[in-house]
Amino acid sequence: MDMNIFTLIGQIVVLVIILLVALCFITTILGLYLLKKDKLIFPKLLLFTLNLTYTTIKNVSRLLQLDDLMVDRISIDLRNRLNKLEFENTKAEDVIIVLPHCLRDTTCPAVLGESGLECVKCGKCSIGIIKKISEQKNIDVYIVPGSSFIKNILKQRKFKAVIGVACPLDLNLAMTSLHDFTPQGVYLLTDGCINTTVDVEEVIDLINKTLPATNYSINDFKEE
Ligand code: SF4
């Protein structure tokens with residue numbers, strides 16, 4: 001009798017492992033297809049399996065010495081696409097932008113306040129340009145040193161959508177926890193603790209899409 005129970009448990013464990021491996025395989029193939037072909041196939045199912053198999057895919061990727069941030073990038077791209085329409089139908093004043101502290105210049109004169117870094121738009125880094133354009137549309141910009149500041153923002157004000165910039169790992173985690181706020185994410189081009197970079201045009205493009213739609217460009221604010 002005992003043997004039968006152990007055999008059954010063993011079979012269930014093997015079945016679960018096979019299902020997990022199959023899910024990881026399907027998720028990776030669909031995710032790579034999405035990234036390479038720029039297509040969207042079963043996005044909600046893919047997001048679900050990505051969340052379910054996230055840790056396993058990461059561990060296997062590290063074991064095979066592959067880029068384990070691939071799973072974060074796929075997840076960010078999926079959420080961006082799934083939220084695109086709703087985001088573009090959101091009024092600018094209902095949108096906030098959350099930028100990482102590490103984008104600032106090494107000689108940044110800004111001080112840290114309750115809502116993050118208080119940028120004075122000195123022009124030494126891309127945050128200044130993003131802030132100038134956001135002000136034209138009444139979009140609040142928060143420059144935060146860590147995800148704990150996002151909790152402060154949530155307590156401070158109401159918003160319907162968020163544009164987030166961060167490294168792929170942090171951005172994916174933040175977009176997952178803020179999934180009720182129609183997040184749109186732009187991941188950093190270079191990582192690190194200071195002087196990181198982002199595709200500013202990509203951020204401006206998202207700002208322009210908030211209602212009323214606008215056509216601002218980086219050149220409109222560079223010389224101010
Ligand atoms: S633009 Fe703002 S964040 Fe960037 S260095 Fe100047 S004060 Fe700091």
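Since the model is a prediction, treat every value here as computed from it, not as a measurement. Order of appearance sets the numbers: ligands from 1, and atoms from 1 within every ligand.
- Less than 4.0 angstrom separates some heavy atom of Gly128 from each of these atoms of ligand 1: 1 (S).
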With salt bridge (Lys or Arg N to Asp or Glu O under 4.0 Å) as the criterion, how do Arg73 and Asp77 come out once you've worked through the C-alpha distance, each side chain's angles and the decisive distance to 0.1 Å? CA-CA 6 Å; Arg73 293 194 193 95; Asp77 283 353; over 6 Å; no

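- Within 6.0 Å of NZ in Lys91 there are 12 or fewer heavy atoms belonging to other residues, nucleotides or ligands.
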Side chain to side chain donor-acceptor pair (under 3.5 Å), that's the test. Do Thr197 and Thr190 meet it? Break it down for me. CA-CA 5 Å; Thr197 54; Thr190 53; 2.7 Å; yes

Run the numbers on Asp170 and Tyr187 for side chain to side chain donor-acceptor pair (under 3.5 Å), then give the verdict. CA-CA 9 Å; Asp170 288 350; Tyr187 40 79; over 6 Å; no

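- Of all protein heavy atoms, the one lying nearest to atom 3 (S) of ligand 1 is Cys125 SG, 3.7 Å.
- For the side-chain contact (heavy atoms from CB on, under 4.5 Å) test with Ile218, the passing option among Ile133, Val200, Val203 is Val200; the others fail.
- Nearest non-hydrogen protein atom to atom 7 (S) of ligand 1 is Val120 N, 3.5 Å.
- Per-residue contacts place Cys122 under 4.0 angstrom from the following atoms of ligand 1 (heavy atoms of the residue considered): 1 (S), 5 (S), 6 (Fe), 7 (S).
- Note on Cys108: not counted as a metal contact of atom 4 (Fe) of ligand 1, no N/O/S atom lying under 2.8 Å.
- At a cut-off of 2.8 Å, Cys119 coordinates atom 2 (Fe) of ligand 1 through an N, O or S atom.
- Of all atoms in ligand 1, listed by their number and element, those nearer than 4.0 Å to a heavy atom of Gly123 are 1 (S).
- Under the 4.5 Å side-chain contact rule for hydrophobic residues, Met70 and Leu66 do not share a cluster.
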